[in-house]
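What follows is one structure encoded as structure tokens, with my remarks underneath.
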2 protein chains.
Amino acid sequence: MDDIDKKIIRLLGLDARRALADIGAAVGLSASAVNERIRRLVGSGAIRRFTVDADPRALGLPVLAYLWVALARDADEEAFRRMMAEHPAIGECHHVTGAWSYLAKVRVGSLDELEALLAEIKRHGFLERSETVIALSSVTDGPFCPKEEGP
Amino acid sequence: MDDIDKKIIRLLGLDARRALADIGAAVGLSASAVNERIRRLVGSGAIRRFTVDADPRALGLPVLAYLWVALARDADEEAFRRMMAEHPAIGECHHVTGAWSYLAKVRVGSLDELEALLAEIKRHGFLERSETVIALSSVTDGPFCPKEEGP
DNA sequence: CATGAAATATAGCCCTT
DNA sequence: AAGGGCTATATTTCATG
């Protein structure tokens, strides 16, 4: 992973559809050399996948919220993690330092859905207590793409 | 934006390099019809861009933290927002409800760098108070790609 | 929106450094 | 090992119905 690899990743991050010859011109390599590097970056896991950055609003998910979670003493932590990993509304969930156990990023279509999600989590008995913070607007946001849903 | 468009976005999110004919087979359309839909989705902004999901660790950014910010009364909020939007370590920054004004997602190479970032923000006089929460591990995380850096 | 042809881009091969 | 150039193949793109 040298500087050229990083530059290639940065360029792909901006536009993953750019022709290899184009990227090559930008980093000073031939198309085939770039192709080989990308192959290696994917192979090593430095590039996890090629994807799209979608607009959550266009997909009917205008509500962004963060959820602080303190797990109940007797909660099944594995089940909680599984639910976070699989639930389509949970974009991220991290085990964090501080007064709370977990921080989850949530995208839903409406406040009603947010309430329903909270109810669902509570119903499983996961929560000792929780706090919901709603994002009013975003100064800058990362890429978004919808999770795979069940069949 | 019908269900087929959504399915196309979901499939591209999983693998944006899949051949159009392949995607077409999955959604019941021809390659050219899929191509035309993707063109429209990009045109309307529903697909913001084609990108890659990179591994932050491979790029030397193993530290993930969230930064809660309460802006100082006399802070230049526009300048703060500009800094958040442009700083390469800030992946997201949202204006939020609750006791804090902003929530920022930060990726850096080390705790030293995190400390330096905090010092930088303080030095600008933006902060009334702040709180930093470090992510110890991630149950699930969204796509990551490095921000464009200055020339 | 499907089909089929034309234009492009990619991926592998072989040779050079 | 890594890259450059070439070529076959696969894919995207466009015209037509």
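Just so we're on the same page: letters track the sequence lines, and every chain starts at 1.
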Report yes if some heavy atom in the side chain of Leu118(B) is under 4.5 Å from a heavy atom in the side chain of Ser130(B); otherwise report no. yes

Interatomic distance, Leu20(A) CG vs dG5(D) P [rounded to whole Å]: 15 Å

Given DNA chain C, 5'-ward residue of the pair Arg17(B) and Ile4(B), judged by closest heavy atom: Ile4(B)

Can you confirm whether or not the ring centre of Trp68(B) sits under 6.0 Å from the ring centre of Trp100(A)? no

note: Arg37(B), atom CZ; dT13(D), atom P; distance rounded to Å ~ 17 Å

Whichever of Arg18(B) and Arg40(A) has the more 5' nearest nucleotide on DNA chain D, that residue is Arg40(A)

Report yes if a side-chain nitrogen or oxygen of Asn35(A) is closer than 4.0 Å to either non-bridging phosphate oxygen (OP1 or OP2) of dT10(C); otherwise report no. no

In whole Å, I'd like the distance from the CZ atom of Arg39(A) to the C1' atom of dA2(D). 12 Å

Residues Asp141(A) and Arg107(A) bridged, charged N to O under 4.0 Å: yes

Determine whether any donor atom in the side chain of Ser32(A) lies under 3.5 Å from an acceptor atom in the base of dG3(D), or the reverse, and answer yes or no. no

Whole-Å distance between dA9(C) P and Ile23(A) CD1? 12 Å

Just how far, in rounded Å, is P of dT11(D) from CZ of Phe50(A)? 15 Å

Whole angstrom value for the distance that separates P of dA11(C) from CD1 of Ile38(A): 8 Å

Separation of dG3(D) C1' from Glu36(A) CD (nearest whole Å): 9 Å

Salt bridge between Asp5(B) and Arg37(B), side-chain N to carboxylate O under 4.0 Å? yes

The nucleotide from dT12(D), dG4(D), dA9(C) with an atom nearest the side chain of Ala19(B) is dT12(D)

